[in-house]
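In the text below, chain A, chain B and the rest are named by the order of the sequence lines, each starting its count at 1. Every value quoted in this text rests on a predicted model; they were computed, and no experiment measured them.
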Amino acid sequence: MIRKVISGNEAVALGVKLARVGVTGIYPITPQTTIIEKLAEMRAKGEIETEIVRVESEHSAMAATFGAALGGVRAFTATASQGLLYMHEMIWWVAGSRVPVVMVVGTRAVGAPWNIWNEHTDFTSERDSGWIMAFASNPQEALDLTLQAFRISEDERVFLPMMVGMDGFILSHTKTNVLIPDQEQVDDFLLPRRQPYVIDPEDPIGMGNIFPPEGYMRLRESIDLALRNSEDIIKEIGREYNKKINPLGDYSTLNVSYKLEDADYAIVLMGAWAGDAMEAVDTLREKGIKIGMLRIRYLRPWSEKEIRNALKDKRAVLVLDRSTSFGRGGGPLYVEVKSTISDIVPQIKGVVSGLGGVTVNKSELLYIFNKFVEGLKDDVIWYYPKEVGKIELRTPRDIE
Amino acid sequence: MSLGLREILNKHNGILSGTSACPGCPENMAMRMLGMGLGKDVVLVVVAGCSSVIQGNAPYNAYNFPTVNVAFAAGPATAAGLARAYKQRGKNVTVVVWAGDGGSADIGFASLSGAAERNDNILYLTVDNEAYMNSGGQRSGSTPFGAITTTTPEGKKENKKNLPLLMIAHNVPYVATASVGYPHDYIEKLKKAKQVEGFKYVHVLTPDPYGWLFDPSKTPEVAKLAVQTCYWPLFEYYNGKLSISSESLHCLDRRTRRPIRDFLSAQGRFKRLTEDQIKILEQYIDNVWEKLKSMLDNQ
Ligand code: SF4
């Protein structure tokens, strides 16, 4: 194990190397691009044996990765934003085929209009696709979750693809200290590739042809069951990861609590702003406000038990969304949390912020949390940091 | 040495009994011949189209190959992934993409072009029935001028996209055209393609009784007429060299071509064609042959 200052994207590329991935389908899209560049560089230097398929679109990146996985090797790809949306069809196809595949998403806003900066809407929009979905909050976790993703998706009790999200630029391009495991450690943790079936000429099976309605529905149910049952398996694999690879990480739970036990107020969020939020929580704690935080690390499976346990007997809960669910007021996390705890928590409020790269730092979070503790009037607000408050949008009619 | 038809029939049969194809289905025929040409050690990637249906309902499969079904535009890249996996595992497998004209000329074209440009070691087959037959016969980029389809009830206004020539322009090692009317020629081309390393493209004309409006007993006949009238040229492009197949050699000279009307009148989809429009089709055929001839002259 060595310690190195690297970016989130480099950490993921190293994870792919350590996992001895067989085939990687690559296509560039900001802010994921440096992952695939790093992989191509390692391949050119002979440091990895991964076959790299340089495809002509993200749709093909997911298709090539799917094909490689069906052919019996470990397969990986990465994408973001428009690219993820372009892949959408194949993302469902892979899950419906129950074949283990791992993908990293460097999250980014979705156009129109063009915006290359961070938000989580691309990632959260895939939450019904049948993939296991984890979200990192620092480069270390991006590496750790990528390695665990191979193990989880290839577990015979799961056999589902898994994607790992990480905040574009904030994690993908920012360098921090990362513990990088040795190859032997990873080899000890990652079992040889397992999958439910391999397409081989010796075994003439057909996959994906027309299914009668009842069979189709049963398959859908099997995906739902496998996803929900994966909760215990993720914890089991997480504990093993703590033991064999990163004793400093805590992967024995799906989601991460911070100062929640005695808290009256709780913040729920996902991703990189958790770091600033913890500092804001500390500051409020110093003032005697009993507040804590729950960081959602797994959007799917959604651990109802864990989340209810963490948030029960709170006076009020505030859910921060860096993504949208249009027409619903709050973002996807707000909707999920509300449906999970509305019978045990009297007040559940939501804030949508940080979209399209809008900076939300510690002082802004402190402002939001303070307002929340004072008692937010509305159930959901869209919060803008002070300096953008005066921006006016011109609508098409204005321009006429 | 080429085999006689009897020997070929004893080889691997690409299709098992009990398919969901319509009577007289040309794709069924093309798939049967695929087995005769390629034998075993083949993995099939089937994109959306009639062929997704012909194989029948899961858990059964009428294709006598391991088969992966994928979304419309995903065939070539899925095959590329499979081929890389087999290479990694040291296995010798011919990965075949089986797609209709919609999947090849339209929605999947970027993916097809990408795999060709990368020279992925796969065999790509277009079974061209000149419309979206699986969804009921709508026009595709491969539908010829004047043909009636459900979305061009007045007859298509544009010419057929010439996919085989486009594939030659991709500079891949092997491109060939075939017709289910000439099984020998098609099977020989498949056998040749199997030996070639890199990207192979075979485009088979598959006249469809339901979309082209002729009697299902006439599929081979119409498929032959397409070649005899020079509407559908049979050729092979290998190692940078074009050669016209013997069935089409007579087309090099205009005077020895069978009149296009013989092909047009054998089916219902051209019944609205006026004399002027027939001239446009003739012009299209002339152009194709001029192009082929100039390629022959320049090599
Ligand atoms: S519509 Fe044509 S190609 Fe499709 S199954 Fe029927 S005969 Fe075959």
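Residues A:Glu56 and B:Glu117 fail the side-chain proximity criterion, which asks for heavy atoms closer than 4.5 Å. Counting only heavy atoms from C-beta outward, the side chains of B:Arg118 and A:Val55 approach each other to under 4.5 Å. Proximity of A:His59 to B:Ser111: side-chain heavy atoms (C-beta onward) are nowhere separated by under 4.5 Å. Counting heavy atoms from C-beta outward, B:Arg84 and A:Val73 have side chains that stay 4.5 Å or more apart.
Counting heavy-atom neighbours within 6.0 Å of B:Lys161 NZ, excluding the residue itself, gives a total above 12. In this structure, A:Phe211 places its CZ atom where more than 12 heavy-atom neighbours from other residues, nucleotides or ligands lie under 6.0 Å away. By the 6.0 Å contact criterion, CG on A:Asp128 is enclosed, its count of non-hydrogen atoms from other residues, nucleotides or ligands being greater than 12. Remark: A:Gln183 CD is packed, more than 12 non-hydrogen atoms of other residues, nucleotides or ligands lying under 6.0 Å away.
Salt-bridge formation is not detected for the pair A:Glu202/B:Lys40: no Lys NZ or Arg NE/NH1/NH2 atom is positioned less than 4.0 Å from an Asp or Glu carboxylate oxygen.
Contact residues of residues 164-178 of chain B toward chain A are absent (heavy-atom distance under 4.5 Å). Heavy-atom neighbours of chain B within the stretch residues 19-50 of chain A, taken at a separation under 4.5 angstrom, comprise A:Gly22, A:Val23, A:Glu49, A:Thr50.
When every heavy atom of A:Pro201 is checked against every heavy atom of B:Pro66, the shortest pair comes out as CA-CG, 3.6 Å.
Only the side chain of A:Glu89 comes within contact range of chain B, with heavy atoms under 4.5 Å apart. Using a 4.5 Å cut-off between heavy atoms, A:Leu70 touches chain B through backbone and side chain atoms alike. With a 4.5 Å cut-off on non-hydrogen atoms, A:Asn209 touches chain B through its backbone and its side chain both. Residue A:Val94 does not touch chain B at all, counting heavy-atom pairs closer than 4.5 Å. Of the two parts of B:Tyr60, only the backbone, made up of N, CA, C and O, holds a non-hydrogen atom closer than 4.5 Å to a non-hydrogen atom of chain A. Within the 4.5 angstrom heavy-atom criterion, no atom of A:Leu219 approaches chain B.
Most heavy-atom pairs under 4.5 Å with chain A, from the set B:Val53, B:Asn61, B:Asn57, B:Val95: that is B:Asn57. Contact count against chain A (heavy-atom pairs under 4.5 Å) is highest for B:Ala58 among B:Gly114, B:Ala58, B:Ala73. The residue among B:Val43, B:Val70, B:Val42, B:Asp41 with the most heavy atom pairs within less than 4.5 Å of chain A is B:Val70. Contact tally against chain A (heavy-atom pairs below 4.5 Å) for B:Val45, B:Thr94, B:Val46, B:Val68: the top residue is B:Val68. With respect to chain A, the highest number of heavy-atom pairs below 4.5 Å among B:Ser52, B:Ala83, B:Ala115, B:Gly81 belongs to B:Gly81. The candidate from B:Ser113, B:Gly56, B:Ala80 with the greatest count of non-hydrogen atom pairs under 4.5 Å with chain A is B:Gly56. Listed options A:Gly208, A:Ala69, A:Ala64, A:Ala61 were ranked by heavy-atom pairs under 4.5 angstrom with chain B; first place goes to A:Ala64.
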Pair A:Ile205-B:Phe65, side chain to side chain contact (heavy atoms under 4.5 Å, CB included): steps then yes or no: CA-CA 7 Å; A:Ile205 54 168; B:Phe65 303 105; over 6 Å; no
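Of the inter-residue distances, the one linking B:Leu82 atom CG with A:Asp200 atom CG reads 9.5 Å to the nearest 0.5 angstrom.
B:Arg89 places a side-chain N or O within 3.5 Å of a backbone atom of A:Gly71 that can act as its donor or acceptor partner. Judged purely by atom type and a 3.5 angstrom limit, A:Trp93 uses its side chain to pair as donor or acceptor with the backbone of B:Asn69.
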